[in-house]
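The next block holds one structure in the form of structure tokens; read it before the comments.
Numbering of residues begins at 1 and proceeds along the displayed sequence.
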Amino acid sequence: MTKRLTEVAKKAGVSEATVSRVLNGRDGVSEATRTAVLTALDVLGYERPTKLRGERARLVGLVLPELQNPIFPALAEVVTGTLAQRGYTPALCARTIGGVSEMDYVEMLLDHQVSGVIFAGGSYALADARHDHYRRLTDRGLPVVLVNAGVDELGFPRVSTDDAVAVEQAYGHLRSLGHERIGMVLGPEGHVPSRRKLNAMIQAAGWGDDVAECVERSSFSMEGARVAATKLVERGVTGIICASDVLALGTIRAARRLGRSVPTDVSVVGFDDSAFMTCTDPPLTTVRQPIETMGQAAVDLLVTQIEGAGVLHDELLFEPELVVRGSTAPAPGR
């Protein structure tokens, strides 16, 4: 108990006596101090006293699929900073291979009486994944916001980049450079944002029965992208649109291993404009997600729900921006 009081007091920036008064429900403590102590208790993983467990902490979970892809730390920076400005304490939950699953994190966050959860890149974006843990949040009436496209039946508010506009920008750029053989490296079959990108490409390029020859799928890894892109390059594709910057980097590696030059022989367009894409060789042409605006919007939607106001459960679409760098050039022979 003494150790707990000391740790909570240090975390909350108050005295141990103040912590004791809060935990015992005594008067003489401001609401702001009381909230700070309860939040510190939650963050440190201590159980609240029974009489305080019915109250939600000003703690908000941010669940990410990984931190290796630079786009997720960028989103985390925006979301955690915006939450802090609004008086909430962020709890960052990043999944790892063989580690804690998204489902496990949901249980932990529920145990800590969080006020709400923001998800990015979760299994909600995979049509064939299990979604039971999201329904637990619905059953609890917990405010939730999803970042980027998810399956419709979950019914949570969503903040997304407009995938159709992203593809139109990338495709239009490659066509303006004279590329006629254009392919795509996308995520798994059930990945909703990849489905949207493919549908947009079918509309833009007028693809028909030749779709299978122009599309390869991959896990969101450089290694997976290298295998997928190799098949496209061997089929004579000269322009490749990728569903992420990581996939684009794997595509560049594939072209080089086949003895092709990027962008002289093969032009590559990424998606995200994550950190360091100006430092790659060549610097990556990519479609930039408006991460700062989207992160702030996700927090606004969540806090509005937490404060008891209703929000539309429609999807908010944000327009991306094509950023042209050195990985695209006129088609061979132009």
Side-chain angles (χ1 to χ4, degrees), residues 149 161-189 191-222 224-274 277 280-289 319-334:
T161 300
D162 193 324
D163 290 304
V165 171
V167 168
E168 289 165 5
Q169 291 176 348
Y171 177 72
H173 173 59
L174 291 175
R175 288 290 295 159
S176 72
L177 293 171
H179 291 275
E180 297 180 359
R181 294 278 294 167
I182 298 173
M184 302 186 83
V185 175
L186 299 175
E189 182 73 34
H191 185 242
V192 176
S194 290
R195 283 185 177 181
R196 291 184 173 187
K197 289 181 175 70
L198 177 57
N199 289 336
M201 188 65 171
I202 290 172
Q203 292 294 318
W207 283 352
D209 296 336
D210 55 344
V211 169
E213 288 293 306
C214 302
V215 176
E216 290 294 334
R217 297 188 176 276
S218 166
S219 61
F220 281 94
S221 67
M222 289 182 63
R226 185 181 63 78
V227 174
T230 295
K231 298 175 184 177
L232 292 177
V233 175
E234 288 178 337
R235 291 179 196 142
V237 168
T238 65
I240 301 177
I241 299 171
C242 302
S244 77
D245 289 344
V246 171
L247 296 183
L249 296 180
T251 296
I252 292 173
R253 179 177 295 180
R256 286 180 173 160
R257 289 195 177 184
L258 291 171
R260 310 299 207 281
S261 171
V262 176
T264 304
D265 300 315
V266 179
S267 287
V268 178
V269 182
F271 177 81
D272 282 337
D273 195 28
S274 46
M277 292 306 106
T280 58
D281 180 24
L284 186 67
T285 294
T286 188
V287 180
R288 176 183 295 158
Q289 290 201 71
E319 186 160 337
E321 176 189 359
L322 178 69
V323 182
V324 179
R325 299 193 182 105
S327 66
T328 51
R334 289 295 294 257

Smallest separation among heavy atoms of [X] and [Y], with atom names:
X	Y	result
Ala248	Cys242	CA-SG, 3.6 Å
Ser219	Gly224	OG-CA, 4.3 Å
Ala204	Tyr171	O-CE2, 3.6 Å
Ser267	His179	OG-NE2, 3.2 Å
Pro320	Thr161	CB-CG2, 3.8 Å
Pro332	Thr264	CG-O, 3.7 Å

Working to the nearest 0.5 angstrom, can you tell me the gap between [X] [atom1] and [Y] [atom2]?
X	Y	atom1	atom2	answer
Arg181	Asp210	CZ	CG	8.5 Å
Ile241	Thr251	CD1	OG1	11.5 Å
Thr238	Leu174	OG1	CG	8.0 Å

Heavy-atom side-chain contact between [X] and [Y] under 4.5 Å:
X	Y	value
Gln203	Glu168	no
Leu247	Ser218	yes
Leu186	Lys197	yes
Trp207	Val215	yes
Arg175	Ile182	yes
Val323	Val287	no

[Y] and [X] side chains, donor-acceptor separation under 3.5 Å:
X	Y	answer
Ser244	Asp272	no
Thr285	His173	no
Thr286	Asp245	yes

Taking [Y]'s backbone N and O only, do any of them form a donor-acceptor pair with [X]'s side chain (distance below 3.5 Å, no angle check)?
X	Y	result
Arg196	Ser194	no
Arg325	Leu284	yes
Asp162	Val165	yes
Ser327	Val268	yes

With sequence neighbours excluded, what pairs up with Phe220 under the ring-ring contact (aromatic ring centres under 6.0 Å, His included) test? His191
Asp273 and Arg288 ion-paired at < 4.0 Å: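 A salt bridge is present here (some side-chain N lies under 4.0 Å from a carboxylate O).
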Do the side chains of Arg235 and Glu216 get close enough for a salt bridge, i.e. N-O under 4.0 angstrom? yes
Residues Asp281, Arg256; criterion salt bridge (charged side-chain N to carboxylate O under 4.0 Å, His left out); working and verdict: CA-CA 11 Å; Asp281 180 24; Arg256 286 180 173 160; 3.8 Å; yes
Could you check whether atom CD of Glu321 has more than 12 heavy atoms from other residues, nucleotides or ligands sitting under 6.0 Å from it?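 Yes, enclosed.
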Chi angles and distances behind the side chain to side chain contact (heavy atoms under 4.5 Å, CB included) call for Val269, Ile240: CA-CA 6 Å; Val269 182; Ile240 301 177; over 6 Å; no
I'd like to know whether Asp163 forms a side chain to side chain contact (heavy atoms under 4.5 Å, CB included) with Phe271, so could you lay out the CA-CA distance, the side-chain angles of the two residues, the decisive distance to 0.1 Å, and finally the verdict. CA-CA 10 Å; Asp163 290 304; Phe271 177 81; 4.0 Å; yes
